[in-house]
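What follows is a set of notes on a single structure, which appears directly below.
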Amino acid sequence: QVQLVESGGGLVQFGGSLTLSCAVSGRMSVLNKMGWYRQAPGKERELVATILTRGGATDYVDFVKGRFNLYKDDTKSAVYLQMNSLRPEDTAVYYCNAESNFCHGLWSNEKCNYWGQGTQVTVSS
């Protein structure tokens, strides 16, 4: 089955940059869409950006538009979130997500989600 392994989190200063990586250990070809979510302390998990695994079309929420860039490298079976102009309010645990119709080892009309373990991003003021 699909496994997502995240890396790249850390501490960065206000206005700095950081790039998160999400390596797909399973078959990336069975995934429909991938994305990044984040969850700050005391808050619900929220969507950051998504990318289609076929075609590569991306979508971003308003609060990261112009600052974050989501891209993928099919040869490395990985997706990346390049974060620029970071702000303290960007501080959160960032999670890699994948959506697929390949669930429980079978193709299905049912959609399932795979999640990474999360990586901490802390932006100092």
Side-chain angles (χ1 to χ4, degrees):
Q1 59 180 3
V2 175
Q3 287 187 318
L4 308 177
V5 181
E6 302 171 7
S7 62
L11 176 64
V12 65
Q13 291 181 311
F14 176 86
S17 299
L18 201 63
T19 299
L20 306 181
S21 301
C22 178
V24 181
S25 298
R27 294 172 55 199
M28 196 171 185
S29 60
V30 308
L31 307 177
N32 301 329
K33 179 169 61 178
M34 298 190 68
W36 286 92
Y37 290 72
R38 69 185 186 185
Q39 186 169 19
K43 294 186 177 181
E44 295 182 351
R45 189 172 300 185
E46 62 182 0
L47 175 68
V48 176
T50 60
I51 184 169
L52 299 181
T53 54
R54 299 178 182 87
T58 56
D59 193 21
Y60 303 87
V61 295
D62 289 339
F63 55 81
V64 304
K65 285 182 178 178
R67 299 190 299 121
F68 291 10
N69 182 38
L70 176 60
Y71 61 98
K72 63 186 179 73
D73 187 340
D74 293 334
T75 64
K76 296 181 179 180
S77 297
V79 297
Y80 306 88
L81 183 66
Q82 184 181 32
M83 304 181 293
N84 303 307
S85 301
L86 284 164
R87 308 161 181 168
E89 51 263 41
D90 293 318
T91 296
V93 177
Y94 284 72
Y95 296 90
C96 184
N97 170 263
E99 178 186 292
S100 179
N101 287 105
F102 189 78
C103 307
H104 311 294
L106 298 170
W107 289 103
S108 175
N109 290 328
E110 174 190 357
K111 288 184 174 65
C112 59
N113 284 281
Y114 300 92
W115 293 92
Q117 79 285 357
T119 184
Q120 176 70 48
V121 173
T122 303
V123 184
S124 62
S125 60

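Please read these numbers as outputs of a predicted model, since none were measured by experiment. Just so it is clear, the values below take in all heavy atoms, side chains as well, and ignore hydrogens, waters and symmetry mates. Residue numbers start at 1 and run along the sequence shown.
Residues Gln120 and Thr122 meet the side-chain proximity criterion, which asks for heavy atoms closer than 4.5 Å. With contacts defined as side-chain heavy-atom distances shorter than 4.5 Å, the pair Phe63/Glu46 qualifies. When side chains are defined from C-beta on, Arg87 counts as touching Phe14, because their heavy atoms get closer than 4.5 Å.
Taking the ring centre of Tyr95 as origin, the terminal cationic atom of Arg45 falls inside the region bounded by 6.0 Å and 45° from the ring axis.
Closest of all the heavy-atom pairs between Gly56 and Ile51 is O-CG1, 3.7 Å. For the pair Leu4 and Cys22, the tightest heavy-atom approach, listed with the atom from each and the gap, is CB-SG, 3.9 Å. Of all the heavy atoms in Ala78 and Met28, the pair that sits closest is N-SD, 4.2 Å. The two residues Cys96 and Val79 have their closest heavy-atom pair at SG-CG2, 4.1 Å. The minimum heavy-atom distance between Val121 and Met83, with the atom names listed, is CG2-CE, 3.9 Å. The shortest non-hydrogen separation linking Arg54 to Asn32 is NH1-OD1, 3.8 Å.
Using a 4.0 Å cut-off between charged nitrogen and carboxylate oxygen, Asp74 and Lys76 do not count as a salt-bridge pair. Taking 4.0 Å as the cut-off between side-chain N and carboxylate O, Asp62 and Lys65 count as a salt-bridged pair.
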request  = List the steps and the verdict of ring pair (Phe, Tyr, Trp, His ring centres under 6.0 Å) for Tyr37 and Trp115.
outcome  = CA-CA 10 Å; Tyr37 290 72; Trp115 293 92; 5.1 Å; yes
request  = Check step by step if side chain to side chain donor-acceptor pair (under 3.5 Å) holds for Tyr60 and Asn69.
outcome  = CA-CA 9 Å; Tyr60 303 87; Asn69 182 38; 3.2 Å; yes
task = Please assess Thr50 against Thr58 for the test side chain to side chain contact (heavy atoms under 4.5 Å, CB included), listing each intermediate value before the final yes or no.
result = CA-CA 6 Å; Thr50 60; Thr58 56; over 6 Å; no
request  = List the steps, then state whether side chain to side chain donor-acceptor pair (under 3.5 Å) holds for Asn84 with Ser17.
outcome  = CA-CA 4 Å; Asn84 303 307; Ser17 299; 2.9 Å; yes
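Within a 6.0 Å radius of CD in Gln39, other residues, nucleotides and ligands contribute more than 12 heavy atoms. Within 6.0 Å of CD on Glu44 lie no more than 12 heavy atoms contributed by other residues, nucleotides or ligands.
Note that CD of Gln13 and CG of Leu86 are 11.5 Å apart. Values are rounded to the nearest 0.5 Å. How far OH of Tyr80 is from OG of Ser7: 8.5 Å, rounded to the nearest 0.5 Å. Here the NZ-CD distance, from Lys33 to Glu99, works out to 5.0 Å after rounding to the nearest 0.5 Å. To the nearest 0.5 Å, atoms CZ (Phe68) and CD (Gln82) are separated by 10.5 Å. Note that CG of Leu31 and OG1 of Thr53 are 6.0 Å apart. Values are rounded to the nearest 0.5 Å. To the nearest 0.5 Å, atom CZ of residue Arg38 and atom CG of residue Leu81 are 9.5 Å apart.
Criterion: ILVMFWY side-chain heavy atoms under 4.5 Å apart, direct or through other members. Under it, Tyr114 and Leu106 are not part of a common hydrophobic cluster. Linking Ile, Leu, Val, Met, Phe, Trp and Tyr whenever their side-chain heavy atoms come within less than 4.5 Å puts Leu47 and Val93 in one cluster.
Aromatic ring centres of Trp36 and Tyr94: separated by at least 6.0 Å.
Here the side chain of Thr91 pairs a donor or acceptor atom with the backbone of Val123 at under 3.5 angstrom. Judged purely by atom type and a 3.5 angstrom limit, Glu6 uses its side chain to pair as donor or acceptor with the backbone of Thr119.
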